[in-house]
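What you see is a predicted model, and the numbers here were worked out from it, not measured in a lab.
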4 protein chains.
Amino acid sequence: MPETVIPAAPTRRGRPRSQQSERAILAAASELLEEQGFAQFTIEEVSSRAKVGKATIYRRWPTKGTLAFDAFQAQFARQPLPDTGSLRGDLLAALRSWIRAVKGTSTGRTLRGLIAEVQRDPELADVWRDRFVQPVRTRNRTMFDRAVARGEIAADADAEVALDLLYGAGYHRLLQSHLPLSDRFATTVVDLMVSGLGAGEPGGGSSGA
Amino acid sequence: MPETVIPAAPTRRGRPRSQQSERAILAAASELLEEQGFAQFTIEEVSSRAKVGKATIYRRWPTKGTLAFDAFQAQFARQPLPDTGSLRGDLLAALRSWIRAVKGTSTGRTLRGLIAEVQRDPELADVWRDRFVQPVRTRNRTMFDRAVARGEIAADADAEVALDLLYGAGYHRLLQSHLPLSDRFATTVVDLMVSGLGAGEPGGGSSGA
Amino acid sequence: MPETVIPAAPTRRGRPRSQQSERAILAAASELLEEQGFAQFTIEEVSSRAKVGKATIYRRWPTKGTLAFDAFQAQFARQPLPDTGSLRGDLLAALRSWIRAVKGTSTGRTLRGLIAEVQRDPELADVWRDRFVQPVRTRNRTMFDRAVARGEIAADADAEVALDLLYGAGYHRLLQSHLPLSDRFATTVVDLMVSGLGAGEPGGGSSGA
Amino acid sequence: MPETVIPAAPTRRGRPRSQQSERAILAAASELLEEQGFAQFTIEEVSSRAKVGKATIYRRWPTKGTLAFDAFQAQFARQPLPDTGSLRGDLLAALRSWIRAVKGTSTGRTLRGLIAEVQRDPELADVWRDRFVQPVRTRNRTMFDRAVARGEIAADADAEVALDLLYGAGYHRLLQSHLPLSDRFATTVVDLMVSGLGAGEPGGGSSGA
DNA sequence: GATTAAGCGAGACGGTACGTCAAGTCTTGTT
DNA sequence: AACAAGACTTGACGTACCGTCTCGCTTAATC
């Protein structure tokens, strides 16, 4: 998997792209994101801080979203996958770790800005899905694989939907700010996922899980 | 609760605000949102379509996000609260109804745009939380109240977190586009919420807070 | 005749154009032309010096050439039409006055830059012809009218061509820099125009047309 | 005198300059000038059409003006010096031939563009003066030498100023477009130069030619 | 009925950032 | 060394919207 979004130069001929410029751009972009957030993040300012022409940026990144994404990747350090011995413990550790990374941090602020940008920049949307969302999900599915191996959950349990519940709830609170990303929230989310609301019998729809 | 975001005029003296202009603005805004989406939604264009001065818009709405919000409210017709006799049925109906409203529709596109805007416009964020998120949640809590009354779930079940799981999963797929908002997705979400993954005993993680 | 190139606002409605901005733009433009010449004359710099948005300039002047022209008009003070009592004296005074105005001066430098710009900017070419070249020529024709009245030259003498010889020679040396605009040059030009090379009879080319 | 502006290579070591590249560059440049005029004439486009690196162009020509000049030289075929037997006939033939070459032709358009460029590119100004203006003038002075030999004009007649009148008038109309380069214009210019306006006596300045 | 205060459409205002273009220079691997 | 290719920095371009600010003109409520 490539390190960044940067597309390869169309041919092998000609002067190679300067890795030094590249580093300067990413450094300036990260710094700017950290200091000011996505709202004040402009190509112009990055270009000026990195002492690089705007064209040098546009040669590498098609939109400012994709540049911000690359700068964000360095910042959002990959969190170690928890392995507590139980699914419940793993899920709780994962959600808590995510909350710690995003709640009240510049990372969280950037994350919100990027998800906003994803909604308007289709180029970024592709990158975001393929280079951020999917890898994270793939990693996280291991928690469910292990639970199946341990016999904790059925082999056909839908890990995809489970992940949507776990992180969906988190992103929901992050993006809508209706309620805080508290520790109690994390526990309750995981408890609910593991045990359910326990409303199997009375009404009863098609109860097949 | 007022129909729109519009603040009251400071006094009663002078020429009253034209309700006709107001209607023209909202109509133009809705039309523009529907046609072009939030990305091309500019105050300039609304002003030009509505044949209204820009100041007339800014007198009523502080930011373009709040105007878009009001235009969106008309579009996003309030969905009837389902009452199927079981929590599972209610949740499934609610989620399916939401998916029908947003999947592949201009409403869904606008919804994505608005949530994006909420991340950068604090004025809109307040309006969004108080006039959209909270009302919808309040309405939806009824489903859990009824389930408690029916004895389906415990009285102290956390409806807030349950709603975060239900809609959080939906918004997650809407905003990240990693997987489709299929009917199967809806069923699985609800099944999981109701029955859980069923991994209570074997592993038994740190079950405290 | 209007003072400047500036086109009228399309309608009478809306906020009127600020005459103060206009003055600031023209002042900054003149200053810049004088200091740096046409080569460094940029809309960006004018906008920055005049503390005016670029759009405010573009609203009035379609191209940078037309703005430079207006700034130049103030600088290139209309020279008083000489009246020495003889055509020879008038022509000599006029040419010397022109040389004094352009030789080694910032006006001369700007004049060269503007004529260069005229070759590439059709908008400016029209303005230049109608608002600079023609008025100057009209004024200068008076010298020939007076000479006819005095009986110095024939009534059907071609004043247009005479002006082309007089100023054409001057502009030629200004633009090609092959020889200096000396005082001797002025005298010789006028003598030649008045007396001719005196090669009427011996050779006798095709004297028709 | 060298054919082009191209400076000699610094040493004789290493790979010799490709004459093929040189031809390709000049061909592409001429073609581009002819098709699009000086305004759209860019080194980038020449380089792309000639399939030649930009450095290969800059190795030979210091600025785009000098390249355009060389491309123009081929186009602007040297006109044969007229020899009609009289000064009047020679001057008329020369001016008409020039008019034929530049009026409404791509050569004329390029000529205007080059003179414009001369005003801003000092490198080109030198080349222009030494390799275009002076040679043409030297050639044209022969017409006056012959006239002196024939006894048509005085031996001390100022041929330089005479050339400034002849071509100055032509360039004036070419560059200012205030009046057409008609055949009648040519005749009148020459008549005036040969016979003068005939205003020797009444006013009378220092009438020494 | 006159006054007065605010709203009205229109559009200009100072700004900011956009994405593009071409200039002339530099850096590869290849010839 | 020169070559083709295509990177580089620089700097200006002309455009688009932002949110604010005049204009001359309604339009009511208050005096």
Side-chain angles (χ1 to χ4, degrees), chain A residues 9-18 20-21 40-45 47 50-60 62-64, chain B residues 9-18 20-21 24 40-45 47-48 50-60 62-64, chain C residues 9-18 20-22 24 40-45 47-48 50-60 62-64, chain D residues 9-18 20-21 24 40-45 47-48 50-64:
Chain A
T11 78
R12 292 263 163 232
R13 292 180 300 181
R15 179 176 174 174
R17 296 206 181 137
S18 157
Q20 191 184 316
S21 293
Q40 333 293 351
F41 183 83
T42 65
I43 297 279
E44 205 115 295
E45 178 66 13
S47 138
K51 291 181 194 318
V52 142
K54 281 201 282 178
T56 300
I57 298 179
Y58 282 112
R59 201 170 289 120
R60 289 169 169 74
T63 64
K64 86 168 172 173
Chain B
T11 83
R12 291 279 164 215
R13 304 217 350 149
R15 177 172 174 178
R17 293 203 183 143
S18 158
Q20 191 184 317
S21 294
Q40 334 293 353
F41 183 83
T42 66
I43 296 280
E44 207 112 296
E45 179 64 13
S47 140
S48 144
K51 289 183 192 318
V52 139
K54 282 203 282 175
T56 302
I57 298 178
Y58 282 110
R59 202 170 288 122
R60 290 166 169 76
T63 64
K64 87 167 173 172
Chain C
T11 78
R12 294 260 161 234
R13 292 180 300 183
R15 178 175 176 174
R17 296 205 182 139
S18 159
Q20 191 184 316
S21 294
E22 211 153 295
Q40 334 292 352
F41 183 83
T42 66
I43 297 278
E44 205 117 295
E45 178 65 13
S47 141
S48 144
K51 291 180 193 317
V52 140
K54 280 202 280 177
T56 301
I57 298 179
Y58 282 112
R59 203 170 287 122
R60 289 168 170 77
T63 63
K64 87 168 171 172
Chain D
T11 83
R12 292 280 163 214
R13 307 212 350 149
R15 177 173 172 179
R17 291 202 184 145
S18 157
Q20 191 184 317
S21 293
Q40 335 292 353
F41 182 83
T42 65
I43 295 281
E44 207 113 295
E45 178 65 14
S47 138
S48 143
K51 290 184 191 319
V52 139
K54 284 203 280 176
T56 301
I57 298 179
Y58 281 109
R59 202 170 288 121
R60 290 167 169 76
W61 290 274
T63 65
K64 88 167 171 170

Tell me whether the side-chain N/O atoms of C:Arg59 come closer than 4.0 Å to OP1 or OP2 in F:dG14. no

For C:Tyr58 and for B:Pro62, find the nucleotide of DNA chain F with the closest heavy atom, then tell me which residue's nucleotide is more 5'. C:Tyr58

What is the distance, rounded to the nearest whole Å, between atom CD of B:Glu45 and atom C1' of F:dG19? 18 Å

Using a cutoff of under 3.5 Å, can you pull out all pairs of nitrogen or oxygen atoms linking the protein to nucleotides 26-28 of chain F, with atom names and distances?
from: F:dT26; atom 1: O2; to: B:Arg15; atom 2: NH1; distance (Å): 2.9

Any carboxylate oxygen within less than 4.0 angstrom of a Lys/Arg side-chain nitrogen, looking at C:Arg60 and C:Glu22? yes

Closest approach to the side chain of B:Thr42, judged atom by atom: which nucleotide of F:dC18, F:dT9, E:dG24 is it? F:dC18

Checking only heavy atoms, does the side chain of C:Lys54 share a donor-acceptor pair with the base of E:dG15 at less than 3.5 Å? no

Separation of D:Ile57 atom CD1 from F:dG6 atom P, in whole Å? 15 Å

Is the distance from OP1 or OP2 of E:dG7 to the nearest side-chain N or O of B:Arg17 less than 4.0 Å? yes

Can you name the side chain to side chain contact (heavy atoms under 4.5 Å, CB included) partners of A:Gln40, sequence neighbours left out? A:Gln36

Where the side chain of A:Ala55 is defined as all heavy atoms beyond and including C-beta, which of E:dC21, E:dA17, F:dT15 is the nearest nucleotide? E:dC21

Mind checking if C:Ser47 touches a base, just sugar-phosphate, or nothing, with heavy atoms under 4.0 Å? nothing

Once you apply a heavy-atom cut-off of 4.0 Å, does A:Thr56 come out as touching a base, just sugar-phosphate, or nothing? base

By nearest-heavy-atom nucleotide on DNA chain F, the more 5' of C:Gln40 and D:Lys51 is D:Lys51

C:Lys64 NZ - F:dC13 C1' separation (whole Å): 10 Å

C:Ser21 side-chain proximity, nearest of E:dT25, E:dG14, F:dC17: E:dG14

Base, sugar-phosphate alone, or nothing: which one does B:Thr63 contact when heavy atoms must sit under 4.0 Å apart? nothing

Atom CD of C:Glu44 to atom C1' of E:dC21: distance rounded to whole Å? 14 Å

